[in-house]
Amino acid sequence: MYTLPSKLKLFAIIFMVVGAIGIVSGFLTAPSTTAEVKEMMASHGDGHGSDHSAAEESHSTNENYNAEENLGDEHAQAANEHGENAHDSEEAHLEHTLHQMQNRPWSALYIACLFFLFIALGTLAFYGIQYAAQAGWSPVLFRVMEGITAYLPVASVILFVLLLLSAFHVNHIFHWMDPELVDPNSPHYDKLIAGKSGWLNVPFFLIRAAIFLAGWNLYRYFSRRNSIKQDAADDNSWFKKNFKMSAGFLVFFIVTESMMSWDWIMSFDPHWFSTLFGWYVFAGMMVSAITVIAMVSIILKKQGYLEFVNDSHIHDLAKYMFGFSIFWTYLWFSQFMLIWYANIPEEVTYFVTRIEDYKLPFFGMLVTNFVFPVLLLMNSDYKRVNWFVILTGVVILAGQYINLFVMVMPGTVGTSWFIGLPEIGSILFFFGLFVFVVFTALTKAPLLAKRNPFMKESKHYHY
């Protein structure tokens, strides 16, 4: 049995506390009025803030003054109207920026929550694949996978609460939830969003989320229960139940995962869509999950556990990390190249926005998700070096966080993005929570699924 080290427990709690402080600070420092926005933009001197606005205001004032002096009353009145329009435009810009800045801490919290949920969910899918395929190499890693999936129920509750807060307009990160956008009598009516309202409406959105989360968690609960019962069984009946259930779950998963990606990520840009999006999210989810499986296995082995896990198991996990990194890159390029080459305005704007406003993270994620894994894991021998796999894993996880960041932030905060207290605090909090839940779950059952019919093959597996 695994015993949770007190240092690791303390480490996780400290991360949660520090992260919570960062999250709260992010909400407290978010502006509440346009005056605060103007002051913040002036202090940053970012060029599109009050410096630009002040120049406009000065230009408008000079125009008005000259018009009143030289062009007579009629032209002066027109100039005054021009000045008022410029002022209204500035106020509209400040109001828009205010909403973006208020969305930022919510978006940071949402991204971090989704990132760690995806790790648990991807691990659950990988676990189901091993059962359905009756894989002989992986049973020694089953309890590690079950420990990681223990985070899924916790993440599911937190995420559903965040979705509820969005649905009740506590935050406004989902733009399409604004009822005025689907009201034909409203000046803010959006024909495209109204056309999608059969799918993008709050009640159906929440019902779908509940179905997704319930289905995933039910499979997680019963597969874990059956796995534990198999340890004390006299036959393979519980294994066979897991085999059949896993095959059904994988069908449910691949359908719901695609719909989940449309709902929880793609709908941040409700005018845009991609038929590859579900697969793209799936690839990122799987490479993150397999990376964490490898990292947790290496950590446990270093602590003196998992003596039955050898270099060949780590080598195979590293091969999956390498393979899914290539698969992710293939899907990224396929989606980007076809949309960019076709140059259809309503499609290409998705990438134009990200290249113009998110240049560093947009191209940075290609380096961390493709270049680094390829260079570090190309050599077969390196896949057996534990510290090398850990190093590559850290880079991959950072890249996948940036990938999620770039998918969500442009639709919620626009150009008002920054990686600061809300983002770092959210990552630290959910990382601490993830470590605490996962390593606590590992103490609840033996780290070897003893009665699995493929266990002997798995113990003596060599590549």
Side-chain angles (χ1 to χ4, degrees), residues 1-26 108-109 111-113 115-124 127 140-155 157-158 220 224 228 288-311 313-314 317-318 321 384-401 419 421-449:
M1 290 284 286
Y2 173 70
T3 303
L4 181 65
S6 56
K7 287 184 179 179
L8 185 61
K9 186 177 180 179
L10 181 63
F11 168 83
I13 292 172
I14 289 173
F15 266 68
M16 282 191 282
V17 171
V18 173
I21 292 171
I23 292 169
V24 172
S25 299
L109 194 64
I111 292 168
C113 176
F115 177 70
F116 286 99
L117 183 146
F118 280 179
I119 291 172
L121 181 59
T123 301
L124 187 67
Y127 178 76
V140 294
L141 299 169
F142 276 5
R143 290 293 153 81
V144 173
M145 298 183 203
E146 290 170 12
I148 295 171
T149 60
Y151 180 73
L152 184 62
V154 178
V157 171
I158 297 172
R220 191 265 159 193
R224 165 73 167 182
I228 298 295
S288 299
I290 294 164
T291 297
V292 172
I293 294 170
M295 294 172 80
V296 172
S297 299
I298 291 169
I299 290 168
L300 289 174
K301 191 166 178 62
K302 189 176 180 181
Q303 291 178 357
Y305 301 94
L306 300 185
E307 66 279 1
F308 31 79
V309 172
N310 58 48
D311 289 345
H313 295 108
I314 302 302
L317 289 171
M321 290 164 60
R384 297 176 182 273
V385 181
N386 289 349
W387 70 266
F388 215 81
V389 175
I390 291 282
L391 173 64
T392 310
V394 170
V395 174
I396 288 173
L397 291 176
Q400 287 302 324
Y401 173 80
I419 295 182
L421 276 178
E423 292 77 15
I424 295 171
S426 297
I427 281 289
L428 292 179
F429 174 80
F430 282 105
F431 174 70
L433 181 63
F434 180 83
V435 169
F436 183 83
V437 171
V438 169
F439 282 88
T440 300
L442 290 169
T443 67
K444 305 298 182 183
L447 290 180
L448 187 66

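Starting from 1, each residue takes its place in the sequence as its number.
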message: Going by salt bridge (Lys or Arg N to Asp or Glu O under 4.0 Å), name the residues that satisfy it together with R220, two or more places apart in sequence or in a different chain.
response: none
- prompt: Do V292 and T123 have side chains that get closer than 4.5 Å, going by heavy atoms?
  reply: no
- prompt: How many angstroms lie between CG in L397 and CD1 in I427, if you round to the nearest 0.5 Å?
  reply: 9.5 Å
Nearest non-hydrogen partners of I111 and Y401, listed with the distance: CG2-CE1, 3.5 Å
field: Min side-chain heavy-atom separation K9-V435 under 4.5 Å
entry: no
field: Distance in Å, N310 CG paired with R384 CZ, rounded so as to fall on 0.5 Å steps
entry: 8.0 Å
- prompt: Hey, what do you get for CE (M145) to OG (S297), rounding to the nearest 0.5 Å?
  reply: 7.5 Å
message: For a quick test of reading the model, state the closest non-hydrogen atom pair linking R224 to A441 and the distance between them.
response: NH2-O, 3.8 Å
Closest non-hydrogen atom pair, A120 against L152: CB-N, 3.9 Å
- request: Answer yes or no: is there a donor N or O on one side and an acceptor on the other, between the side chain of R143 and the main chain of P446, under 3.5 Å?
  value: yes
field: Backbone of V309 reached by a side-chain donor or acceptor of K301 within 3.5 Å
entry: yes
- request: Could you walk me through whether I14 and F11 pass side-chain contact (heavy atoms from CB on, under 4.5 Å), step by step?
  value: CA-CA 5 Å; I14 289 173; F11 168 83; 6.0 Å; no
- prompt: Going by heavy atoms in the side chains, are C113 and F430 under 4.5 Å from each other?
  reply: yes
task: With rounding to the nearest 0.5 Å, note down the distance linking CD1 in I148 to CZ in F439.
output: 8.0 Å
message: Has N386 got a side-chain atom pairing as donor or acceptor with V389's backbone, closer than 3.5 angstrom?
response: no
- prompt: Looking at CD1 of I293 and CZ of F142, how far apart are the two atoms once the value is rounded to the nearest 0.5 Å?
  reply: 10.5 Å
statement: Closest non-hydrogen contact found for L447 with L442 is CD2-O, 3.8 Å
Non-hydrogen atoms of A289 and I119 that approach each other most closely: CB-O, 3.4 Å
statement: Heavy-atom closest pair (W387 atom, V385 atom, distance to 0.1 Å) is NE1-CG1, 3.2 Å
message: Do L306 and V140 make a side-chain contact, defined as non-hydrogen atoms from C-beta onward lying under 4.5 Å apart?
response: no
- prompt: With sequence neighbours excluded, what pairs up with Q303 under the side chain to side chain donor-acceptor pair (under 3.5 Å) test?
  reply: Y2
- request: Look at the aromatic rings of F116 and Y151 and report parallel, tilted or perpendicular, splitting at 30° and 60°.
  value: perpendicular
message: Is the shortest side-chain heavy-atom distance between I158 and L433 below 4.5 Å?
response: yes
Distance, nearest 0.5 Å, that separates CD of Q400 from CZ of F115: 7.5 Å
